[in-house]
Amino acid sequence: MQTSFAPPASPVSHTSIDEKGIGDAQDVDLVTTPQQRLLTIGINLLILIELTIAMYMASRSPETFTPTFFTTFLGLAVPSLLIFWLIKWLMAPKAAKPAATQADSPFK
């Protein structure tokens with residue numbers, strides 16, 4: 001028995017509809033630049049390093065493991081995530097404003 005699946009119409013566009021058919025089908029643009037991919041890899045590596053540091057710091061005091069872990073990890077991760085979010089926001093392409101037409105003019 002051979003099953004064949006048709007490839008999606010576009011490799012970077014996906015359509016989502018919930019199972020009941022309620023809602024709109026929306027295309028999601030998944031195009032990323034190499035800089036965005038490197039940023040994603042960087043944040044993933046940084047979070048893993050921060051997790052390792054938090055585990056190490058927490059293991060040094062077993063009686064206060066959980067509070068030490070959360071204090072260390074959140075203290076490192078939250079600023080990192082905010083900085084990377086800011087970098088991603090600055091890297092995002094800016095939407096061009098449409099040119100004004102005669103119909104849009106307030107002076108007629």
Side-chain angles (χ1 to χ4, degrees):
M1 177 183 196
Q2 185 177 0
T3 305
S4 164
F5 295 101
S10 171
V12 295
S13 176
H14 300 282
T15 303
S16 62
I17 298 178
D18 61 5
E19 293 177 2
K20 296 179 182 178
I22 300 172
D24 298 343
Q26 298 177 354
D27 287 335
V28 178
D29 186 17
L30 298 177
V31 176
T32 58
T33 64
Q35 293 85 5
Q36 289 172 328
R37 290 181 184 172
L38 287 174
L39 183 66
T40 302
I41 291 169
I43 188 65
N44 287 338
L45 288 175
L46 187 59
I47 292 293
L48 287 174
I49 291 168
E50 292 168 349
L51 182 63
T52 303
I53 292 170
M55 290 296 290
Y56 171 74
M57 297 297 288
S59 70
R60 294 178 65 195
S61 56
E63 61 279 351
T64 60
F65 185 91
T66 303
T68 304
F69 171 78
F70 280 113
T71 303
T72 306
F73 181 67
L74 294 176
L76 293 171
V78 170
S80 298
L81 291 173
L82 291 175
I83 289 169
F84 276 97
W85 176 81
L86 179 65
I87 293 170
K88 183 178 176 185
W89 180 73
L90 292 172
M91 288 175 48
K94 305 296 181 222
K97 292 183 179 179
T101 63
Q102 185 67 22
D104 295 337
S105 175
F107 306 105
K108 293 183 182 181

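Values below: all heavy atoms of this structure, side chains included; hydrogens, waters and symmetry mates excluded.
Follow the hydrophobic side-chain contacts under 4.5 Å out from I87 and you never reach L38; the two are in separate clusters. The hydrophobic cluster containing I47 also contains L74, counting ILVMFWY residues as joined when their side-chain heavy atoms lie under 4.5 angstrom apart, directly or transitively.
The hydrophobic cluster around L76 extends to I49, I53, Y56, M57, counting ILVMFWY residues whose side-chain heavy atoms fall within less than 4.5 Å of a member.
Residue-environment remark: CE (M91) exceeds the threshold of 12 foreign heavy atoms within 6.0 Å.
Counting only residues at least two apart or on different chains, the side chain to side chain donor-acceptor pair (under 3.5 Å) pairs with a member in residues 72-82 are E50-S80.
Note that the CG atom of L82 and the CH2 atom of W89 stand 13.5 Å from one another [nearest 0.5 Å]. Going from atom CG of L39 over to atom CH2 of W85 covers 13.0 Å, rounded to the nearest 0.5 Å. If you take CZ on F69 and CG on L51, they are separated by 5.0 Å, rounding to the nearest 0.5 Å. One distance of note links CG of L90 with NZ of K88; it measures 12.5 Å at 0.5 Å rounding.
Of the listed residues (L46, L86, I43), just one forms a side-chain contact (heavy atoms from CB on, under 4.5 Å) with L81, and that residue is I43.
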